[in-house]
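Single-structure report; data block below.
Along the sequence shown, residues are numbered consecutively beginning with 1. In listed order, ligands and their atoms are each counted from 1.
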Amino acid sequence: MSENIEKKDILILGIETSCDETAAAVIKNGREILSNVIYSQIDLHTLYGGVVPEIASRKHIDKINQVIEEALKQANTELKDLDAIAVTYGPGLVGALLVGVAEAKAIAFGANLPLVGVHHIEGHICANFLASAELEPPFMCLVVSGGHTHLVNVKDYGEYEILGRTFDDAAGEAFDKVARAIGLGYPGGPKIDKVSCEGNPEAIHFPRAKVGDSGYDFSFSGLKSAVLNYLNSAEMKGEEVNRADVAASFQQAVVDVLVGNSMDAVEKYQAKKFAIAGGVASNKHLRAAFEEACKNRGVEFFLPLPILCTDNAAMIGCAGYYEFMKGVRSGYDLNAVPNLRLGER
Ligand code: KG4
Ligand code: ZN
């Protein structure tokens, strides 16, 4: 009898406000993007050389309703058609997260819809499900963003084992700090990516740090200091610095460490599939290096389009779908958790 009952589509509204993107998206059955609206505040923060938390929170408040309305409109959906609201509740900037969480709670209450709190990094990983319909766990995933560098074993939907993490700066943070030091401005990642194309990645040898016992951990603060020392010493000697060479050599050091540790883990765990995620995963050189490393080992490689690597709400809707299907529900006491750990509730 049940075969005759038509399966209903599950529609999730995803909301993301953990940093400097105000975003909302509607996702169908976990994998299909019906809309993906992102309001980036980057121009506002550029003036200050980085994200100013207070400004981020205020701008989220200004934009959140408009962004959600637009996401519903583009998806040709109304609140009554939805099955749940998924919202990032951590990690991130507390004031920024609170805007999304409060909004999601208000909509869930008003429209009598289930609420699902989502971990931001879980969202980044799930961007790969939106990008590749055929991808299923288990797989290994490197998450490289402005705040995180995690090598994760994705054992199943919502089941994660962290194999390695950064001991200090996140990869994206290192990109941003080095970009500032060589005068490229904020946000640094895309600028280093671009200027590196004109530089020689072997011009300067910067260190590739090995830290921790597992062999899969990362450290970028020594590399950042090495770049700063190089710049200072050139300045003291009155030597001209080739910014493109510095950018390309720095980027190569980051790529070598990310690919090196990841492939060690792939070999040790005999992973068959490898994915990358997070803002830094939109880096052209990183994408190409991983593609080649995976190809050489016969490992299937997955990567989201750049627009799904940087912060967005489609990935939150996708992660929310899998949590929702597992029966996860958040109460109206859901709060922002700035240091939320992956796998914690
Ligand atoms: O994932 P994301 O949008 O936000 C966080 O969750 O942190 O990542 C932002 C980070 C920034 O540090 C930015 O500089 C970096 O990702 N990024 C890049 C590139 N595009 C963004 N880093 C290197 N190359 C890029 N093309
Ligand atoms: Zn992010």
Problem - Protein N/O/S neighbour count - the Zn ion (ligand 2), strictly under 2.8 Å - result: 3
Exercise for the section: Kindly determine whether Y321 and F129 satisfy ring-ring contact (aromatic ring centres under 6.0 Å, His included), including the steps that lead there. Expected result: CA-CA 11 Å; Y321 169 83; F129 295 136; over 10 Å; no
Practice task
Return a yes/no value for T310: is any of its N or O atoms, backbone included, closer than 3.5 angstrom to an N or O of ligand 1?
Solution key: no
Practice task
Check whether any heavy atom of Q251 sits under 4.0 Å from an atom of ligand 1.
Solution key: no
Problem - Interatomic spacing from OG in S262 to CZ in F218 - rounded to 0.5 Å - result: 5.0 Å
Exercise for the section: Using distance alone, decide if ligand 1 has a nitrogen or oxygen within less than 3.5 Å of any nitrogen or oxygen in K284. Expected result: no
Problem - Enclosure of N112 CG (heavy-atom neighbours >12, cutoff 6.0 Å) - result: no
Problem - Close N or O approach (G146, ligand 1; < 3.5 Å) - result: yes
Practice task
Report yes or no: does S282 have a heavy atom closer than 4.0 Å to ligand 1?
Solution key: yes
Practice task
Would you check whether G189 has a nitrogen or oxygen atom less than 3.5 angstrom from a nitrogen or oxygen atom of ligand 1?
Solution key: yes
Handout entry: Close N or O approach (E21, ligand 1; < 3.5 Å)
Key = no
Exercise for the section: Please work out whether any backbone atom (N, CA, C, O) or any side-chain heavy atom from C-beta onward of D176 is under 4.0 Å from ligand 1, and answer side chain, backbone, both or neither. Expected result: side chain
